[in-house]
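Note that this is a predicted model, so its numbers are computed, not measured.
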Amino acid sequence: MGKIKKFFGKKIFAVIGCLLLVVICAGCLWYATQSFAAPPTNNTYSAVFVGEYKTEEGLWQPIEEDTTILSEGTVTLKGQILKVDSDGTKQSIKQGEVVSFYLNHVCLTVKVDGYSQTFYCEIENHISFCGKTWVSYTYNGNGQDEMEITITNPHFFGNRSAVNEFLSNITLGDLSVVEEVLTPVGFIYRTIGIVIMAVALALFGVALVATILKISQSSILWALGGLALFVGILFTLDYYDIIFWSTSLIFNTFALQFCIMLTALFICVLATTCLTNTRKSVAIVLTCILGVVIALIAIICAVAFLPIYDTFIYWGLIQSTANLIFIILSLIEIFKASKARRLVLIACIASFIATIIDVAGLALGFFSYSICSKTVFILTFIISVFFAIRIIPQNHRAAINKKQLEHEVQQSHVSIMLSQIKPHFLYNSLTSIAELCEIDAKKAQAATIEFSEYLRGNMSAVNKKYPIPFATEYKHLQSYLTLEKIRFGDALHIVYDIKETAFELPALTVQPLVENAIKHGIRKAKKSGRVKIITRSDKKNYYVIIADDGVGFEVEKVYDDGKEHIGLQNVKSRLKSMCNGTLTIKSKIGAGTTVTVTIPREKK
């Protein structure tokens, strides 16, 4: 019971977040299935089509209020357009009255009393009308004539809700009337988009400063800026009145589709910055694949003049598959992340699910607008801004602390260099070399060279602000142990078990630990002893292990003895500050001591 309480005590925010996520996704799914995202209606200009319809191979069926007509290939409508008065009564339109139609990636032919008018249908290369637009039609019947409307979907997938959108958006009046109805709400959408893009520019500025200062969280700020930028563009482009302020149909379509793709990509980038270890590696590969897919789509559409709308299903399938993997990775990470990153991951998961819902809705014909995504993207944007506001002061403090830490590390380098050149070691080494001069001149010469190499290694450590290759540290260690072997002879045995050298660590990390092993382990045993230096690695870390078979000690007792163990504390602090490494000690009285240096492969 205690363990359960402890678990939920630590993970309560993740549990609440997951529950909130379920509620948000359920709400978005309900909203998406209940709405076609129709533009605001105005009774003054309302009109409806009354009659029947048939598909290419189907039979004539009546058009009712709740009829769902999937626009695959060609759909034919037969009947009349009636204008709806403010009291709900319907009457036939008169000759010469203008009606406006909404075309969502479809072409249109209207035929009345043997006379037909075509909109966008005669263009063989349908890339020219691959988009959303409004057209005006002047009625030339007598009010009782039957009207035949042919709606052709030139795309081989999706856009299956186009006929229903056509029927629900019939407006009495020309394009100026449509613009009058749509502009107020469109202005709100674009204002929201412009505000979001302005915030994106601010985030880019903060991210640039954080990058210059080499602050670790700068990658998250870049991802937030990219996400905000494309969410802003999405809100600016994805509304019914787009043709009234941007007349390039092809540009609008390409910009909108790539904006959707890049928004989804930056959601993946944002989630990647919050992941760790193997999960982060998998996420990076997935994100790179998605980036390559988007680039290939852009190249294919540009070279082959292929409508980008026809590529959307392939992107949608790849993105949805990647989203499912990201959801799994994020759910695993969410219980291990900090509170701030946990909140961002929850928002990302909601965005992943919303994107999957929208892709499925577009493919199945439930709706053709980014209803779920835009709702959740706004939520993600708000959370992102909250996160950015929270970490900006932290980044400022981190920059100040980093400068102070660099100064302290520099001072610690001087201290450890001085501490390592101990007078008794110098005296003993020089005495040993002097004795060798009488016994073996060549050995004395070699020992002198090792002594100079040892001193050079210590002196150069003063200027090492960053980790050095293990090979350099290993060479310095060998110089030190050569001198110790001259002093102790057969009383000291050194074993090298080096399996990994391709990593870096702070200068003068291993030598002080080996010196402790000799001084406090082997020499106190008053008998011959062995020190073993081992290097290993796994998928997460590199390891340097110093093991001796000396007297051993009680680790906790030594740490509580009131003495300042400057050498160990210095090594620990430099490991932590320079490569996020750790130092652990295990010892048993009479059996020896093992010290393990752990250096992560990924620096956090």
Side-chain angles (χ1 to χ4, degrees), residues 36 38-39 41-86 88-124 126 128-129 131-154 159-182 240 243 249:
F36 281 102
T41 58
N42 189 315
N43 288 335
T44 306
Y45 309 111
S46 294
V48 296
F49 187 88
V50 177
E52 52 188 355
Y53 77 96
K54 74 168 184 174
T55 58
E56 291 179 340
E57 304 296 334
L59 301 175
W60 289 101
Q61 302 179 60
I63 299 174
E64 298 177 353
E65 187 174 347
D66 58 348
T67 299
T68 298
I69 305 173
L70 298 181
S71 56
E72 296 176 329
T74 300
V75 176
T76 304
L77 311 176
K78 186 167 63 176
Q80 293 180 315
I81 292 178
L82 305 178
K83 57 182 177 180
V84 182
D85 294 332
S86 57
T89 59
K90 302 174 182 178
Q91 56 181 310
S92 300
I93 59 175
K94 299 177 182 179
Q95 187 176 24
E97 286 194 272
V98 179
V99 181
S100 293
F101 301 123
Y102 176 68
L103 306 182
N104 183 1
H105 289 270
V106 292
C107 45
L108 177 70
T109 300
V110 182
K111 185 177 181 181
V112 178
D113 192 26
Y115 175 77
S116 64
Q117 185 174 354
T118 301
F119 300 90
Y120 294 102
C121 225
E122 295 178 354
I123 303 174
E124 293 182 2
H126 59 273
S128 301
F129 63 92
K132 304 171 183 178
T133 189
W134 289 83
V135 295
S136 291
Y137 165 74
T138 302
Y139 179 66
N140 61 342
N142 59 15
Q144 302 300 318
D145 289 333
E146 189 173 66
M147 177 182 293
E148 184 176 291
I149 298 176
T150 303
I151 300 174
T152 303
N153 181 3
N159 198 30
R160 302 174 76 193
S161 61
V163 175
N164 280 88
E165 291 178 16
F166 170 87
L167 291 172
S168 62
N169 295 321
I170 298 175
T171 302
L172 194 63
D174 59 16
L175 294 184
S176 63
V177 171
V178 177
E179 184 177 6
E180 178 185 343
V181 173
L182 297 180
Y240 283 82
I243 69 162
L249 191 65

Thr55: what forms a side chain to side chain donor-acceptor pair (under 3.5 Å) with it, not counting sequence neighbours?
none
Contacts of Glu97 that satisfy salt bridge (Lys or Arg N to Asp or Glu O under 4.0 Å) - sequence neighbours left out:
Lys83
Any pair counted as salt bridge (Lys or Arg N to Asp or Glu O under 4.0 Å), so long as it reaches residues 100-111, sequence neighbours left out:
none
What pairs with Glu64 under side chain to side chain donor-acceptor pair (under 3.5 Å), at least two apart in sequence or on another chain?
none
Partners passing side-chain contact (heavy atoms from CB on, under 4.5 Å) against Glu146 (at least two apart in sequence or in another chain):
Lys78
If the condition is side-chain contact (heavy atoms from CB on, under 4.5 Å), which residues does Val48 pass it with, not counting sequence neighbours?
Val50, Leu82, Val84, Lys90
Taking ring-ring contact (aromatic ring centres under 6.0 Å, His included) as the test, write out the residues that go with Phe49, two or more places apart.
none
Among residues at least two apart in sequence or on other chains, which ones pass side-chain contact (heavy atoms from CB on, under 4.5 Å) with Gln144?
Gln80, Ser92, Asn142
Quick one: salt bridge (Lys or Arg N to Asp or Glu O under 4.0 Å) partners of Glu148, sequence neighbours excluded?
none
Starting from the C-alpha separation in whole Å, work towards a yes-or-no answer on side-chain contact (heavy atoms from CB on, under 4.5 Å) for Phe166 and Val106.
CA-CA 10 Å; Phe166 170 87; Val106 292; over 6 Å; no
Tyr137: partners by side chain to side chain donor-acceptor pair (under 3.5 Å), with sequence neighbours left out
Asn140
Given the rule in the side-chain contact (heavy atoms from CB on, under 4.5 Å) test, do Val178 and Tyr102 qualify, once you have shown the distances and angles that lead to the verdict?
CA-CA 10 Å; Val178 177; Tyr102 176 68; over 6 Å; no
Test of understanding: with side chain to side chain donor-acceptor pair (under 3.5 Å), list the residues that count as partners of Ser136, not counting sequence neighbours.
Ser100
